[in-house]
Engineer: 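Following this message is one structure expressed as structure tokens.
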Amino acid sequence: MKADQKAPNIGKRICSIAVAMFTMLFVQVAPSMAAENEKDKLYEAELKDNVDLKKKPDPNLQRTELFFLIDENGKKLKQLNYNRVSPLTEGLAAVYNGDPEAVGYINASGEMVIPIQYKNGGLFEEGLACFLARDGETGYINHDGQKVIQSHDYSDCQNFHDGLAAVRVKTIANGADKGQTKAQPAENNWGYIDKTGKVVIAPQFAAAQDFHEGLAEVELGQDKLIIDHDGKLIDGKFELTRPFAENLAPVEVNGKWGYIDKSGKFALKPQFEDAYYFADGLAGIKLEGKYGLIDHTGKIVIAPKYSDVGSFAEGLGAVKDDTGKWSYIDKTGAIKIAGPYDFAMEFSSGLASVQVSGNYGCIDKAGKFVIQPIYDDLVLHSDKRGIAREKNWNSVAARSDLMELHLREIKIHQDPHSPTGVYIPKNVSDAMIELDKMLPPAALRDIKTIEEEEMISHCNTGLRDWLVKNWGLANESRLYKYMDSQNFSDTDLATDRILAAYWERVHGQSK
């Protein structure tokens, strides 16, 4: 799915913020510098509130995120000990583990039903999921893990929609999907298969999107076109297209957006600066830099006055004001749930996912939290089970980030005569004195809390790097020469010794 598209819902979601690599349900906009700075400040505050250095580091050291199976109230039913977990679709979720990573599938009880074995795998839709095996085989498996379609002719595949799936055909004998053959450029090799694996639309496209309401967007050469199930081109060439929904599709021509019907004719002529797909009878459009909503006739139902709008569902739609906050309005434009939220998704089965202070939860139509906003991501489905993700605050990465945060307040002893511009200690004893002067109280508190092994091995990556760079431990500084004379000639060994010595000093164990 292209990043600038808003796509119709996939499957039955009660409350969803999907794991990024699997679904894109809303417009992704490059964050502004201010937004990035705000995000950094929020993360720093969370570090201070959540990291507990009194605990030993999590045994799953490589996992900076934790996944859980949850119920409809957000209760954690089971921790899922995998590197990554997809949303549940059709009762199954893809799970990734290993080095290199491989994928298998668990059910809504968290039990492994398709063993981890594939190089990659998609979400289940219409009873099938795409898989990529390490031997180059590609195809589709059913809910029992049986290979229903398998081939060594494909290099990529997408999910089934409307009974068809887009597949990318390899173009040269060794299976590498690069270069060109005389018969066919390498980039023009997307086509469609049915559920028996039969090619029903020949590989010929530079890109091929999912079918929606019997039609799909494709790229042929430089043109963006729309085809039907037989591969027949619908009249019209466009700069950009978005999926059909409620019998209309947004398309861009000469920098303006309009809507075409299924014959390719314009139902609403190009006149908008941007246009989203229809949902619940309304579609978001942009005029004079602001978003509003229109009905199927093109009549403006909600005046353009918002920074962005979401999809209407169950009579409510999310709208974003000039401050960047989201609320919900009804079809008259009246605010029904004031928020304000950092982000807000569409309602489904009476619930909607919203973001507050960087975390996601679910609200009902009264705006009451049914699931408190405590998760980084969550996807709750109509089987009353879902997948939630939260930061592993006890991971090595988080613990190290906390130490680096404290080191931003380091008091540097400048020395214009030093090759690094920073005073370089003469020996280890001198280094201890300098660290006492330089490190802020918060860093000293942390060092008093952690074990020596953590001080040396991974918690103090930032401090280690600072010492190497500023005290010349990777070149011929006077401290380097001293450490060499003490048989610590290797940079890592020299840094280990200094860090260990300082840990001993702080803990009253100096030798």
Engineer: If you count the non-hydrogen atoms of other residues, nucleotides and ligands that lie under 6.0 Å from NZ in Lys325, is the total more than 12?
Structural biologist: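 For Lys325, atom NZ is crowded (more than 12 foreign heavy atoms under 6.0 Å).
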
Engineer: Please name the pair of heavy atoms, one in Ile371 and one in Asp71, separated by the smallest distance, quoted to 0.1 Å.
Structural biologist: CD1-O, 4.3 Å

Engineer: Hey, could you give me the CD1/OH distance between Ile285 and Tyr276, rounded to the nearest 0.5 Å?
Structural biologist: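 Atom-to-atom, Ile285:CD1 and Tyr276:OH are 10.5 Å apart.
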
Engineer: With a 4.0 Å cut-off on N to O distance, would you call Asp330 and Lys365 a salt bridge?
Structural biologist: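 No, this pair does not count.
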
Engineer: Going by side-chain contact (heavy atoms from CB on, under 4.5 Å), Trp190 matches just one of Gln209, Gln158, Glu219. Which one?
Structural biologist: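 Between Trp190 and the candidates, side-chain contact (heavy atoms from CB on, under 4.5 Å) is satisfied uniquely by Gln158.
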
Engineer: Test your reading of the model: is there a side-chain donor-acceptor pair from Gln204 to the backbone of Gly191, 3.5 Å cut-off?
Structural biologist: no

Engineer: Would you check if the distance from the ring center of Phe211 to the ring center of Tyr192 is below 6.0 Å?
Structural biologist: yes

Engineer: Roughly how far, to the nearest 0.5 Å, is the CG atom of Asp156 from the CZ atom of Arg168?
Structural biologist: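 So the gap between those two atoms works out to 7.0 Å.
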
Engineer: How close do Ile201 and Asp228 get, heavy atom to heavy atom, and via which atoms?
Structural biologist: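 The pair with the smallest heavy-atom distance is CD1-O, 3.8 Å.
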
Engineer: If you take all heavy atoms of Glu346 and Ala313, which pair is closest and at what distance?
Structural biologist: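 Smallest interatomic distance, heavy atoms only, reads CB-CB, 4.1 Å.
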
Engineer: Going from CG on Leu287 to CD1 on Ile294, what distance comes out if it is rounded to the nearest 0.5 angstrom?
Structural biologist: 9.0 Å

Engineer: Taking atom CG of Leu240 and atom CD of Glu252, what is their separation to the nearest 0.5 Å?
Structural biologist: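 Reported to 0.5 Å precision, the distance equals 4.5 Å.
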
Engineer: If you count the non-hydrogen atoms of other residues, nucleotides and ligands that lie under 6.0 Å from NZ in Lys147, is the total more than 12?
Structural biologist: yes

Engineer: Are Arg84 and Tyr96 in a cation-pi contact, defined as NZ or CZ under 6.0 Å from the six-membered ring centre and within 45° of the axis?
Structural biologist: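 Satisfied, under 6.0 Å and within 45°.
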
Engineer: How long is the straight-line distance from NZ of Lys320 back to CH2 of Trp326, given to the nearest 0.5 Å?
Structural biologist: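 Nearest 0.5 Å value for the CH2-NZ distance: 6.0 Å.
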
Engineer: Return the CZ to CZ distance between Arg242 and Phe278, rounded to the nearest 0.5 Å.
Structural biologist: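 Nearest 0.5 Å value for the CZ-CZ distance: 13.0 Å.
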
Engineer: Quick one, Val51 and Asn394 - any side-chain contact, counting heavy atoms below 4.5 Å?
Structural biologist: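 In short, these two side chains do not touch, never coming nearer than 4.5 Å.
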
Engineer: Looking only at heavy atoms, what is the nearest atom pair of Leu282 and Val301, with distance?
Structural biologist: CD2-CG2, 3.9 Å

Engineer: Are more than 12 heavy atoms, taken from residues, nucleotides or ligands other than Lys48, located less than 6.0 Å from that residue's NZ atom?
Structural biologist: no

Engineer: Please name the pair of heavy atoms, one in Tyr105 and one in Gly122, separated by the smallest distance, quoted to 0.1 Å.
Structural biologist: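 Between these two residues, the closest heavy atoms are OH-O, 2.7 Å.
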
Engineer: With sequence neighbours excluded, give me every salt bridge (charged side-chain N to carboxylate O under 4.0 Å, His left out) pair touching residues 284-304.
Structural biologist: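 Listed by first then second residue: Lys290-Asp322.
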
Engineer: Take atom NZ in Lys331; do more than 12 heavy atoms of anything else shown fall under 6.0 Å from it?
Structural biologist: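 Counting neighbours around NZ of Lys331, more than 12 heavy atoms of other residues, nucleotides or ligands fall under 6.0 Å, so yes.
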
Engineer: Could you walk me through whether Asn142 and Gln146 pass the side chain to side chain donor-acceptor pair (under 3.5 Å) test, one step at a time?
Structural biologist: CA-CA 6 Å; Asn142 62 19; Gln146 297 173 328; 3.0 Å; yes

Engineer: Applying the side-chain contact (heavy atoms from CB on, under 4.5 Å) criterion to Lys265, which one of Asp235, Ile260, Ile234 satisfies it?
Structural biologist: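 Considering Asp235, Ile260, Ile234, a side-chain contact (heavy atoms from CB on, under 4.5 Å) with Lys265 is found only for Asp235.
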
Engineer: Check the orientation of His212 and His161. Use parallel for under 30°, tilted for 30 to 60°, and perpendicular for over 60°.
Structural biologist: tilted

Engineer: Decide if atom CG of Asp49 counts as having more than 12 heavy atoms of other residues, nucleotides or ligands within a radius under 6.0 Å.
Structural biologist: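 More than 12 within 6.0 Å, yes.
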
